[in-house]
Asks: 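A single structure is presented below for examination.
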Amino acid sequence: MFQSEQKEAEELIHHYLEENGIPIPEAFQWGNVPFKGEWGISTSFFETAALEARSGKQINVPERAQEIAQDVSARLEKHRSFSRVEAVKGYLNLYFATGEFSRKVIAQVLEQRRDFGKGDPKGERVMVEFSQPNTHKAFHVGHLRSAILGDSICRIMDFAGYEVVRANYFGDIGLHVIKWLWNYMKYHAGEEPPQDTTRWMGDIYAEANQRLEENPDLESEVRELYARWDARDPEIVDLWQNTRQWSLDGFEDMYDTLNIHFDHLYANSQAEKPGQEMVKELIEEGIAEDLRPEDAVIVRIDELLGLEKEQYRVLVVLRSDGTALYATEDLALAKMKFTDYDLNKSIYVVDVRQQLHFQQVWKTLEIAGYEWAKRCEHLSYELVNLPGNVVMASRDGTVVLLEDLIREATARALEVVEEKNPSLRKQEKQNVAKTVGLGAIKYPLLARDNTKIVTFDWEKALDFNGQAAPYIQYAHVRANSILRRAWGLLPKAVTPPHELEPAEINLIERISQLPDDVGRAAEERKTLHITNTAYELARAFNKFYKQCPVLDAPPRVRKFRISLVVAARQAIANTLNLLGIEAPPVM
Ligand code: ARG
């Protein structure tokens with residue numbers, strides 16, 4: 001946040017060290033002084049003192065660090081950027097004048113607007129694969145967490161300065177698809193999907209499972225069909241292509257509703273053949289063992305690594321009949337990603353239950369000599385439980401579909417909006433309800449640590465007074481309504497003419513932290529840092545709103561506070577945007 005002041009201080013430090021023949025460390029680490037009514041930055045001289053000690057001098061490092069801190073602080077005493085400087089136990093603390101700091105924070109937001117909080121370009125390209133629904137099945141809330149989490153991670157990493165490639169990976173082939181085709185050909189031939197395509201696709205799949213369960217003898221027909229697919233029988237390929245498209249069109253509608261978009265679409269089917277080729281190479285290199293025709297092709301990973309303790313176990317890379325497995329395709333997919341894009345990192349947002357699978361696949365690739373395999377990363381997430389603890393499974397058709405969830409969220413949000421703001425026009429109420437409903441679905445999935453189960457709770461998700469999307473959206477609406485009434489007053493960052501109220505200081509403090517929060521969320525791949533920031537910003541704003549009159553304040557105070565409202569609104573909008581949640585203009 002205070003790069004220029006930091007740089008000035010650092011130059012001065014360099015000067016001092018040079019003059020005194022003290023070795024200069026490669027870089028100084030700067031941090032924020034924990035806020036106690038005063039803002040400041042700090043660094044330490046332990047590394048400097050340690051370098052000096054290493055150069056042969058007899059030195060007590062902590063004492064020497066404090067000595068340097070004292071000398072430097074004496075030099076910085078009169079520097080105009082700092083209201084106070086301090087040398088404590090080897091640390092140098094530089095404090096800002098409160099009014100000046102406030103003006104600078106607001107000035108930065110007003111200047112950067114939508115870009116406030118953005119990190120410097122990192123020159124690193126990262127692919128994030130997320131959502132990954134399966135065609136010929138329903139798009140249910142099980143895949144929703146991946147979609148919402150992945151989208152937000154992309155937004156955060158992009159904002160933090162990474163070049164992000166958003167990828168999807170459709171499960172468009174495999175046993176589930178063949179079962180679907182079998183059921184369709186035998187019992188639904190010629191049927192076209194109704195408007196509710198995705199649900200219908202899911203129903204046919206569920207029905208297939210039911211039939212096979214009732215009559216296991218039919219399995220042989222499914223196997224036969226699989227063989228026809230594997231031989232690329234044109235009739236089957238044709239049907240597969242058409243029906244697959246039905247699913248993809250249905251997904252596209254979902255993504256539009258959710259405001260989620262992709263740069264690159266991969267599909268399992270596309271990785272099948274290249275995967276089989278790679279397995280051939282693995283066999284030739286002696287990495288995979290070919291146990292066909294009796295058994296499958298396997299990689300004994302632990303054995304290859306000489307591990308005594310079981311860790312990676314054995315990965316099956318090809319069926320005994322030569323057909324591709326999920327793992328076969330993932331071998332090829334990983335390679336495709338690095339060939340298509342020169343990636344620094346390849347992140348997979350996938351359910352925690354697939355952890356071993358990915359470790360096996362990537363370790364196998366590493367053994368095969370692909371150096372990029374180490375740059376694959378699993379961002380795992382836990383299940384979502386719906387009220388009544390309905391666990392998602394598409395096999396038996398007892399799933400809650402995304403559409404159901406959105407419909408329910410919107411209906412509930414509409415009730416709240418009707419109560420809160422009965423004078424809105426009907427269409428407007430509908431729009432607001434949709435925005436609030438979607439926010440209510442997204443926020444809890446992002447606010448919960450990805451490694452923990454989310455139990456979805458309508459009351460909590462739609463709480464206007466708690467840690468929930470509507471509360472944050474409502475703060476944004478409040479800021480809007482003040483600014484609408486303040487029109488004509490061009491917001492400009494000014495030094496506050498008054499002694500700041502605690503609520504003002506707190507709000508400014510929150511705003512100033514946004515850039516750091518973004519960096520941290522990106523590095524840790526944790527959306528919850530941003531959901532927290534959004535909530536804390538809204539809370540700080542609401543407190544300010546209740547305690548500090550804006551439009552009725554004396555003119556110069558009013559001017560300052562209006563600029564603070566603009567900055568707060570922007571900070572809230574920017575965090576909501578990182579979460580993929582819209583800010584409605586009214587509520
Ligand atoms: N479609 C798979 C599923 O529904 C998830 C795919 C995850 N990505 C991958 N590269 N294997 O479980």
Side-chain angles (χ1 to χ4, degrees), residues 126-151 153-154 165-180 198 201-202 205-206 209 244 247-248 250-251 254-255 260 262-272 274-275 278-279 315-317 324-341 343 345-365 370 372-373 375-384 391-396 399 401-402 450 525:
V126 175
M127 178 179 280
V128 183
E129 180 210 295
F130 63 104
S131 186
Q132 314 112 319
N134 300 314
T135 67
H136 304 82
K137 276 191 188 180
F139 186 116
H140 56 72
V141 284
H143 287 119
L144 190 61
R145 193 167 186 186
S146 172
I148 290 172
L149 195 60
D151 175 57
I153 286 291
C154 287
V165 184
R166 302 162 151 261
N168 205 338
Y169 180 52
F170 296 114
D172 64 342
I173 195 57
L175 198 52
H176 76 277
V177 178
I178 306 295
K179 283 183 187 172
W180 192 101
T198 308
M201 296 296 288
Y205 175 63
N209 279 312
R244 175 189 118 110
S247 273
L248 296 184
F251 296 158
M254 293 292 166
Y255 292 135
I260 291 179
F262 296 94
D263 302 314
H264 197 120
L265 306 180
Y266 290 103
N268 290 52
S269 61
Q270 177 197 354
E272 247 189 341
M278 281 172 81
V279 169
L315 177 65
V316 183
V317 289
L325 288 152
Y326 187 53
T328 323
E329 292 155 7
D330 261 321
L331 289 170
L333 176 72
K335 186 173 171 181
M336 263 188 248
K337 288 176 172 178
F338 281 92
T339 318
D340 293 343
Y341 299 89
L343 300 176
K345 265 255 138 59
S346 179
I347 300 177
Y348 295 61
V349 185
V350 185
D351 174 344
V352 64
R353 284 166 298 184
Q354 300 192 28
Q355 191 159 352
L356 178 63
H357 162 79
F358 284 116
Q359 284 179 352
Q360 292 178 317
V361 168
W362 298 333
K363 204 33 112 178
T364 300
L365 290 165
Y370 296 108
W372 43 254
R375 282 181 264 143
C376 295
E377 178 184 316
H378 183 192
L379 178 56
S380 68
Y381 61 88
E382 260 290 357
L383 290 183
V384 182
V391 181
M392 260 48 63
S394 55
R395 269 190 93 251
D396 49 8
V399 292
L401 299 181
L402 179 57
N450 48 288
R525 326 269 195 256

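Atoms within each ligand, like the ligands themselves, are counted from 1 in listed order. Since this is a predicted model, take the numbers as computed values, not measurements.
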Asks: Give me the atom names and distance for the closest heavy-atom approach of N268 to E329.
Replies: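 Shortest heavy-atom separation between N268 and E329 comes out as ND2-OE1, 2.9 Å.
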Asks: How far apart are the C-alpha atoms of L265 and F170, what are their side-chain angles, what is the distance that settles it, and do they pass the side chain to side chain contact (heavy atoms under 4.5 Å, CB included) test?
Replies: CA-CA 8 Å; L265 306 180; F170 296 114; 4.0 Å; yes
Asks: Decide side chain to side chain contact (heavy atoms under 4.5 Å, CB included) for I178 and I173; before the verdict, give the C-alpha distance in whole Å, the side-chain angles of both, and the deciding distance to 0.1 Å.
Replies: CA-CA 7 Å; I178 306 295; I173 195 57; 4.3 Å; yes
Asks: Checking side-chain polar atoms at under 3.5 Å, does Y255 have a donor or acceptor matched by the opposite partner on N168?
Replies: yes
Asks: Write 'none' if nothing qualifies; otherwise put on separate lines each N/O atom of ligand 1 with a protein N/O atom under 3.5 Å away and their distance to 0.1 Å.
Replies:
{"unit_1": "ligand 1", "atom_1": "1 (N)", "unit_2": "Q132", "atom_2": "O", "d": "3.1"}
{"unit_1": "ligand 1", "atom_1": "1 (N)", "unit_2": "N134", "atom_2": "OD1", "d": "2.8"}
{"unit_1": "ligand 1", "atom_1": "4 (O)", "unit_2": "N134", "atom_2": "ND2", "d": "3.0"}
{"unit_1": "ligand 1", "atom_1": "4 (O)", "unit_2": "H143", "atom_2": "NE2", "d": "3.0"}
{"unit_1": "ligand 1", "atom_1": "8 (N)", "unit_2": "E129", "atom_2": "OE2", "d": "2.7"}
{"unit_1": "ligand 1", "atom_1": "10 (N)", "unit_2": "E129", "atom_2": "OE1", "d": "3.2"}
{"unit_1": "ligand 1", "atom_1": "10 (N)", "unit_2": "E129", "atom_2": "OE2", "d": "3.4"}
{"unit_1": "ligand 1", "atom_1": "10 (N)", "unit_2": "D330", "atom_2": "OD1", "d": "2.8"}
{"unit_1": "ligand 1", "atom_1": "11 (N)", "unit_2": "Y326", "atom_2": "OH", "d": "2.7"}
{"unit_1": "ligand 1", "atom_1": "11 (N)", "unit_2": "D330", "atom_2": "OD1", "d": "3.3"}
{"unit_1": "ligand 1", "atom_1": "11 (N)", "unit_2": "D330", "atom_2": "OD2", "d": "2.7"}
{"unit_1": "ligand 1", "atom_1": "12 (O)", "unit_2": "Q354", "atom_2": "NE2", "d": "3.1"}

Asks: Can we say R145 and D351 salt-bridge, meaning some charged N sits less than 4.0 Å from an Asp/Glu carboxylate O?
Replies: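 Looking at R145 and D351, the cut-off is not met.
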Asks: Taking ring-ring contact (aromatic ring centres under 6.0 Å, His included) as the definition, give me every residue that meets it alongside F130, ordered by chain and number, with sequence neighbours left out.
Replies: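 Checked F130 against ring-ring contact (aromatic ring centres under 6.0 Å, His included); matches are F262.
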